[in-house]
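Presented below is the structure to which this report refers.
Values reported hereafter were calculated over all heavy atoms of this structure, with side chains retained and with hydrogens, waters and symmetry mates removed. Model, not experiment: these values are computed from the prediction.
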Amino acid sequence: MMMPANFSAVSENEMTYVMGGSVAEYLAPVMGKKEWSNFSKNLVTIIGNSYLGNFVNNTLGVIFSGTYVPGGVLSNFGSDISGIWNANFDGTDTKSKILSGMAGVLNVGLNIAGNLAAIYNLGFGTVKNGAEKAAITEFSATDLL
């Protein structure tokens, strides 16, 4: 009798039944929609936190610096993007131009995504008040004499 190539004659007592079998099923519980949603939110928060200081310096720091010129905020972001581009671009030959150009586009895109994550943090988070733990000393006019 001819059997298919993938057929193996095994007696019933030699058979092993495995349900699932993935190591991940034993090490970590299954992540559902709620857990993946929380993971995504936390990831955006972590990325936003790393960009937050630079974002605030490039916007509010420029506006309230005392030397603000209209358009100064955009020029800061423009210089960040051109700095990223210049750090990645290699114009020695055509292949280098293409590959480094792709790397530059990727890194500029990631920088924009990081700044958007910082905006997300500012929109959905609560900023801690720095004056909350400030020590305030009270004194009267007689203390000045």
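When hydrophobic residues (I, L, V, M, F, W, Y) are linked wherever their side-chain heavy atoms come within less than 4.5 Å, Val69 remains an isolated member.
Both Ile81 and Phe55 are assigned to one and the same hydrophobic cluster, defined by single-linkage of ILVMFWY side chains at heavy-atom distances under 4.5 Å. In the hydrophobic clustering of ILVMFWY residues, with side-chain heavy atoms under 4.5 Å counting as a link, Leu60 and Val62 come out together. A chain of hydrophobic side-chain contacts below 4.5 Å, direct or via other Ile, Leu, Val, Met, Phe, Trp or Tyr residues, connects Leu52 to Phe64.
Side chains of Phe124 and Lys41 form no contact here, defined as non-hydrogen atoms less than 4.5 Å apart.
By the side chain to side chain donor-acceptor pair (under 3.5 Å) test, Asn57 is found to be paired with no residue, residues two or more places apart in sequence or in another chain being considered. Every residue two or more places apart in sequence or in another chain was checked for a ring pair (Phe, Tyr, Trp, His ring centres under 6.0 Å) with Tyr68, and none qualifies. Under the side chain to side chain donor-acceptor pair (under 3.5 Å) criterion, Asp93 pairs with Ser96, not counting sequence neighbours.
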What donor-acceptor contacts under 3.5 angstrom involve side-chain atoms of residues 104-123, with partners at least two apart or in another chain?
{"residue": "Asn107", "atom": "ND2", "partner": "Asn88", "partner atom": "OD1", "Å": "2.9"}
{"residue": "Asn107", "atom": "ND2", "partner": "Ala103", "partner atom": "O", "Å": "3.0"}
{"residue": "Asn111", "atom": "OD1", "partner": "Asn115", "partner atom": "ND2", "Å": "3.1"}
{"residue": "Asn115", "atom": "ND2", "partner": "Asn111", "partner atom": "O", "Å": "3.1"}
{"residue": "Asn121", "atom": "ND2", "partner": "Thr45", "partner atom": "O", "Å": "3.1"}
{"residue": "Asn121", "atom": "ND2", "partner": "Asn49", "partner atom": "OD1", "Å": "2.9"}

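Between the Ser100 side chain and the Phe89 main chain, no donor and acceptor come within less than 3.5 Å of each other.
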